[in-house]
Amino acid sequence: MNLARLLSETAARNPGKPAVVFEGTPCTYGAFDREVERYAAMLHAAGVGKGDRIAVQLPKRMEFLFLHFASLSVGAVTLPLNADYRPEEVEYFLSDSGASLFVTDGERFARAAGAIRGLRGVRTLLLDGGGGSGADSLFDRLSGAPAGFRRGWPADGDDPAMICYTSGTTGRSKGAVITHRNLVSNMLALHDAWEWTGNDVLLHVLPLFHVHGLNVGTHGSLYAGSTIVMHRKFDPGRAWDALEADGCTLFMGVPTVYQRLMGEWEKRERQPDLRGMRVFISGSAPLSDSLFHRFERATGFRILERYGMTETGMIASNRIDPAQRKAKSVGYPLAGVDIRVAGEDGADVRPGEVGEVRIRGDNVFRGYWGMPGKTAESFVDGWFRSGDLGFLDPEDGGRLYLVGRAKELIITGGYNVYPKETENVLDAHEAVKESAVVGLPDEEYGEKVIAVVVQKEGSAPVPPETLVAHCKRHLASYKCPRQVFIVPDLPRNAMGKIRKNRIVERRRDGTPL
Ligand code: MLC
């Protein structure tokens, strides 16, 4: 069981059909598969083999996909990195994972070179430039790759295919090790649940470095032998035009994307003709009741909401029959996925009661890379603890509703942010005594990151913009506070713990802190 092999078999059945139309340029399944093979030959010649980690930090482009499937074809492990990660973040991911190869572009390498110089055993390949930078050019390597190479697909079901870093409560990111079986079982479950066929055309606007855009959208579509119309970046106007003009049947977005699509819809004089569309799917963050209904009133489509996590892939989904989709519910467990809802004592709660959602199945990852303690903490008796609070509706066949989170986590525009990571960066600023980072409700992003900061005694007043700029030097933009409030002290409870709820309540109704 090797994901890349399965996809290569689909390619062999559909050689002349467009697999991906990237910004208007089609790439057929045959051409796609030949490129993957050429990239695999290059990796093999570079000495990359089973179990090696290949970190890829690139903007959205076809080369990312060729590399990913080539990596899986030679038994290596893909480590996709957010294109916005800062040098220090990249350095951490490379060193923590022990990656032997880092593929990026000249611009990112120029920025990260200082931070990663001290790492041993990492070779860098650049998609452009390369001259004089000390790194090799990917295209030079490709043209020198041996002809006649045949993929051996040495990795099997229980071998790692990807390591996806997720933020953690302690502020230190953890690499979720995802196997071929995890990927394949989840892809097959979605294939059936969403009745995916070769006739589908997916409009793809999400980043490729996350589970949503890569594993759900791209793997699923390439397995079904359907076509992906891929946009480099999400733009609501272009998206509506493409949905009509490119014969699209499927769309996937995070709620922020749907929010922007609605804003654009309401501005337009002529609405797009969506007769070809089959289903709009949302995930990665909770879809509000009001957006679900607003979208349905405008377009006639009920958004299909589904639930997933990096560690588990997709867990639950609403049904493909629109009549069985409900607002605020993430639907039913996918085939092969078991869900239970546990109370504080670890026992199942009574049907309909709220508890922590726990998950078991072939979709569940193997553990966190190099962190056996963290891995052990996240499982109880073989069940993965999602950290999400929810209930199963006994009156509706066990339909799952999510109502909150046990862990401190902010989801902004479909990206996860753990406050601790941002607080650590703020606290490292010379003028900061302590900080508290919270998520405030936000119409566009779902939640937005804000920080409340206490200055060190005797330090000169520091403008909030300086602290935002400080964060942006060290952290990807989505983790940085949109606003910083300087306060004399933080609200605490009798135990001395910061009362984050109090901060959220006060910011919501505008009370001074
Ligand atoms: C961008 N910015 C964000 C942000 N996205 N800030 C907070 N949260 C976000 N999500 C910042 C930019 O860096 C920029 O900052 C500023 O906001 C303006 O950018 P923008 O032009 O408004 O943003 P845009 O690039 O258009 O992106 C919006 C978006 C994007 C919604 C299209 O956020 C996105 O693609 N989100 C999808 C994330 C995703 O794929 N998640 C899946 C995780 S997998 P500055 O300061 O630089 O100007 C997962 C499992 C599962 O969760 O179940 O799916």
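First listed ligand is number 1; within each ligand, the first listed atom is number 1. These numbers come from a predicted model, not from an experiment.
- Residue, atom and distance of the protein heavy atom nearest to atom 44 (S) of ligand 1 are His212 N, 3.8 Å.
- Using modelled atom types and a 3.5 Å distance limit, the side chains of Ser329 and Arg399 yield a donor-acceptor pair.
- Atom 36 (N) of ligand 1 has as its closest protein heavy atom Gly413 O, 3.0 Å.
- Under the salt bridge (Lys or Arg N to Asp or Glu O under 4.0 Å) criterion, Glu356 pairs with Arg358, Arg385, not counting sequence neighbours.
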Let me have the donor-acceptor pairs involving side chains of residues 186-193, under 3.5 Å, with sequence neighbours excluded, atom names and distances please.
from	atom 1	to	atom 2	distance (Å)
Asn186	OD1	Met314	N	2.6
Asn186	ND2	Met314	O	3.0

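- Taking the six-membered ring where tryptophan is involved, the planes of Tyr415 and Tyr478 are essentially parallel, since the angle between them stays under 30° and well short of 60°.
- Heavy-atom distances between Pro207 and ligand 1 reach below 4.0 Å in at least one pair.
- Partner Glu23 forms a salt bridge (charged side-chain N to carboxylate O under 4.0 Å, His left out) with one of Arg238, Lys60, Lys233 and no other, that one being Arg238.
- Of all protein heavy atoms, the one lying nearest to atom 47 (O) of ligand 1 is Ser477 OG, 3.0 Å.
- Nearest protein neighbour of atom 30 (C) of ligand 1, counting heavy atoms only, is Tyr415 CE1, 4.2 Å.
- Those atoms of ligand 1 with a heavy atom of Gly308 less than 4.0 angstrom away are 53 (O).
- Between Tyr258 and Phe251, the distance separating the two ring centers is shorter than 6.0 angstrom.
- A salt bridge links Asp96 and Arg172; the closest N-O separation between the charged side-chain nitrogens and carboxylate oxygens is under 4.0 Å.
- Taking 4.0 Å as the cut-off, Lys233 counts as a neighbour of ligand 1 on heavy-atom distance.
- Residue contacts with ligand 1 for Met314 involve side-chain atoms from C-beta outward but no N, CA, C or O (heavy atoms, distance under 4.0 Å).
- Taking the ring centroids of Phe209 and Tyr165, they lie at or beyond the 6.0 Å cut-off.
- The protein heavy atom nearest to atom 11 (C) of ligand 1 is Arg482 NH2, 3.8 Å.
- Taking the six-membered ring for Trp and thresholds of 30 and 60 degrees, Phe280 and Phe295 have ring planes more than 60 degrees apart, a perpendicular arrangement.
- Scanning all protein heavy atoms for the shortest distance to atom 1 (C) of ligand 1 gives Tyr445 OH, 4.3 Å.
- With respect to atom 54 (O) of ligand 1, the closest heavy atom belonging to the protein is Ser284 OG, 2.6 Å.
- Taking a cut-off of under 4.0 Å to the non-hydrogen atoms of Lys472, the atoms of ligand 1 that pass are 45 (P), 46 (O).
- What sits closest to atom 26 (O) of ligand 1 on the protein, heavy atoms only, is Arg260 NH1, 2.8 Å.
- When non-hydrogen atoms are compared, ligand 1 lies under 4.0 Å from the backbone of Thr412 as well as from its side chain.
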